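Worksheet: the structure to be examined is printed underneath.
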Amino acid sequence: MRAADLVISAAGAAGIRYCFANPGTTEMPLVEAFDRVTGVRPVLCTFEGVATGAADGYARMAGVPGLTLLHLGPGYANGIANLHNARRARSPIVNLIGEHATDHRAFDPPLAMPIEALAASLPGHVRTVMAAGDAGGAFAECYHEATRGLISHLVFAHDLQALEVEGGVPFLTRARPEKVPTDLVERVARDLRGARSPAIILGGEALSGEGLRLSGQVAEACGATLFHETFTARMERGAGIPSPVRLPYFPESARDALKGHDVVVLVGVPSPVGFFGYPGDSGSLIEEGRERRLCRPEEDVMEVLTHLSEALGVSSSSPGFSGPDYQVPELPVGALTTESLGQAFAALQPEEAIVVDEGITSGFFYQPLAARVAPHTTLTITGGAIGCGIPLAIGAALACPDRPVLGLQADGSALFTVQGLWTQARENLNIKTVICSNRKYDILKLEVARSGNTEPGPMTQSLTDLCRPDIGWVDIARGFGIPALSAGTSEDFSRALQAALAEPGPFLVEAVLG
Ligand SMILES: Cc1ncc(C[n+]2csc(CCOP(=O)(O)OP(=O)(O)O)c2C)c(N)n1
Ligand SMILES: [Mg+2]
């Protein structure tokens, strides 16, 4: 078979069902491979940031790597911001990147860029296919590296893709998480037991259903307060599920939340740092001498939690945290504000929903309410590169076709990858996008105020407003083939979201915030 066919067959053998793609001439044999082999279906994304964000959403929900097909350096470069978010989420991703034909590169053709140098800017793995016969092994290597939670890149020249190769699909192996020494777990268990007011910060796998159950038992056994990292790749939430406190976004608030705890244990998270540095303010959030790094995200979080619970004398019948009670908020009335929007969204979200929260400032009120509604999964913006929400929803909906996907989507962030709505329509995905239309970059206005600037000048205002003209969200959605409604009051919003949820396919609701 052709080398390109072998690579796509290998992806299928790895359990990867979709490839988020925007191809060009140098990827034509790979494009044709989707017709020649079965198992992997290409999904056209009309901007590479949509493809990479969708691959991230797919990886977070499917448990197999997200796969992209990108055109040379420029196509890959367009996708980097959402690959950065995927890296921070520790999502396994394999990027197939076409390269010019081997003997053509010397001419420095217009689209040539140093792909490997670009790819090296993301800590991950880069492998260039040097001979067609190496293609299968190169894919297996990229797949293995991706399963370590890395972004891997397979750079594959046009001419090599089309060559016939011998042999079948390569042997594929998944990486195993690194082990944590038992004596470290025991030492941390002793510290937790001896602490006056211990805290545990959870991330990664610790926020899965089983991770939270074990963490709840551990917390109950040693009296610890549970926190979770501010921006989670994936977290199970809802009534009955232990609900850790979200580590606040602003560093002074995070420091305040942690300062009463004499021992702070990290499970599946790196040491927390402020999102930004401010003059005279240290980036570190935990007071010196209090941090205990039990387990990094790439280590075996579930094994560590099991050991830790054993070391603390938890038995399988120990009660543990039962999580908050079921309490669905009342449907709000009156003006539509971020508060009433969060209330209505939490009240109406269906059971087993996947909520993609790129609400930025409009998500603040929703998050605590969602801890008490029906069980669901939340995905957030892990790397702070805005424009991940619409694409993440695409990947999540394809990974979990039986679950409704809801986007709590800030307007400014939505504009980065708005053409993803077209892919949602084309694939007829069960995604309801709520645009939090405050017509501004509200978080940046907040930052201006925090810096002490109480009277921002017209230039500062023009760089933080999204009005003049207002954006016509209903027209945009309809233009991409998605039905849409606009709502300006709480009652209108609830009605619009109910109408959206009654439809099987994609829908957009513009929440016009006062
Ligand atoms: C790729 C990228 N570009 C720019 C920024 C800087 N930035 C952070 S938040 C923001 C605006 C957010 O506005 P919106 O999405 O409307 O949310 P709101 O603040 O209004 O809630 C910008 C431009 C960023 N984080 N990432
Ligand atoms: Mg906004």
Side-chain angles (χ1 to χ4, degrees), residues 47-54 56 76-89 118 121-122 151 230-231 246 248-251 273-278 336-342 345 355-367 379-393 407-421 433-451 453 456 459-473 476-477 486-488 493 508-514:
F47 173 66
E48 291 83 352
V50 176
T52 53
D56 183 8
Y76 170 68
N78 276 343
I80 287 181
N82 273 334
L83 287 173
H84 159 81
N85 286 322
R87 167 172 101 81
R88 293 288 180 186
L118 280 174
S121 73
L122 274 178
I151 310 298
T230 314
F231 294 104
R246 183 178 202 177
Y249 171 75
F250 287 118
V273 293
F275 222 74
F276 295 107
Y278 299 90
L336 188 56
T337 60
T338 49
E339 201 164 352
S340 60
L341 170 69
F345 193 100
V355 177
V356 178
D357 178 0
E358 193 181 26
I360 315 289
T361 59
S362 300
F364 288 172
F365 290 100
Y366 163 75
Q367 279 292 339
L379 315 181
T380 73
I381 168 174
T382 44
I386 59 175
C388 64
I390 290 172
L392 281 177
L408 186 63
Q409 182 58 61
D411 52 358
S413 301
L415 287 175
F416 281 65
T417 43
V418 69
Q419 60 276 67
L421 292 174
T433 303
V434 171
I435 297 288
C436 308
S437 175
N438 58 13
R439 299 166 306 285
K440 55 189 167 187
Y441 287 166
D442 198 30
I443 187 81
L444 299 191
K445 287 188 179 291
L446 251 161
E447 290 285 11
V448 170
R450 274 165 58 81
S451 74
N453 183 353
M459 297 305 142
T460 303
Q461 293 199 31
S462 80
L463 285 176
T464 52
D465 276 336
L466 284 176
C467 49
R468 289 173 294 116
D470 284 350
I471 291 154
W473 285 103
I476 287 178
S486 182
F493 176 71
L508 182 141
V509 177
E510 179 195 28
V512 182
L513 295 163

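Counting convention: from 1, in listed order, for ligands and their atoms alike. Worth saying up front: this structure is predicted, and the values here are computed from it rather than measured.
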Does a sphere of radius 6.0 Å around CZ in R439 hold more than 12 heavy atoms from other residues, nucleotides or ligands, not counting ones at 6.0 Å or beyond?
yes

Over 60° means perpendicular and under 30° means parallel, so tell me whether Y249 and F275 are parallel, tilted or perpendicular.
tilted

Indicate the atoms forming the closest heavy-atom contact of V512 with S486, along with that distance.
CG2-OG, 3.5 Å

Please name the pair of heavy atoms, one in P391 and one in N82, separated by the smallest distance, quoted to 0.1 Å.
CG-ND2, 4.0 Å

Would you mind telling me if ligand 1 is within reach of the side chain of E358, the backbone, both or neither, using heavy atoms under 4.0 Å?
neither

Can an N, O or S atom be found in L466 less than 2.8 Å away from the Mg ion (ligand 2)?
no

Nearest non-hydrogen contact with atom 2 (C) of ligand 1 belongs to which option: I386, L463, T361?
I386

Quick one: which ligand 1 atoms are inside 4.0 Å of a heavy atom on D442?
18 (P), 19 (O), 20 (O)

Under 3.5 Å, N or O to N or O, is G412 touching ligand 1 that way?
yes

Just jot down the ligand 1 atoms closer than 4.0 angstrom to any heavy atom of N438, in number order.
18 (P), 20 (O), 21 (O)

Shortest-distance N/O/S atom, D411 versus the Mg ion (ligand 2):
OD1

For A81 and ligand 1, answer yes if some heavy atom of the residue is under 4.0 Å from a ligand atom, otherwise no.
no

The atoms of ligand 1 lying under 4.0 Å from a heavy atom of I360, numbered in the order shown, are 15 (O), 17 (O), 18 (P), 19 (O), 21 (O)

Among G383, A414, S413, the residue with a heavy atom nearest to atom 15 (O) of ligand 1 is S413

Walk me through it: do E447 and Y441 pass the test side chain to side chain donor-acceptor pair (under 3.5 Å)?
CA-CA 10 Å; E447 290 285 11; Y441 287 166; over 6 Å; no

Closest heavy-atom pair and its distance - L122, L83:
CD1-CB, 3.6 Å

Per-atom contacts, ligand 1 versus A385 - under 4.0 Å to a heavy atom
26 (N)

Please name the pair of heavy atoms, one in I390 and one in Q409, separated by the smallest distance, quoted to 0.1 Å.
N-OE1, 3.6 Å

At a threshold of 2.8 Å, where the distance has to be below it, does the Mg ion (ligand 2) have an N, O or S atom of S362 nearby?
no

Looking at K440, which atoms of ligand 1 are within less than 4.0 Å of one of its heavy atoms?
16 (O), 20 (O)

With the threshold set at under 4.0 angstrom, would you say G359 reaches ligand 1 through any of its heavy atoms?
yes

Of all the atoms in ligand 1, which lie at a distance below 4.0 Å from a heavy atom belonging to G384?
24 (C), 25 (N), 26 (N)

So for ligand 1, is F416 a polar contact partner (N or O within less than 3.5 Å, distance only)?
no

Please answer whether the main-chain N or O of G387 pairs with a side-chain N or O of E358 as donor and acceptor at a distance below 3.5 Å.
yes

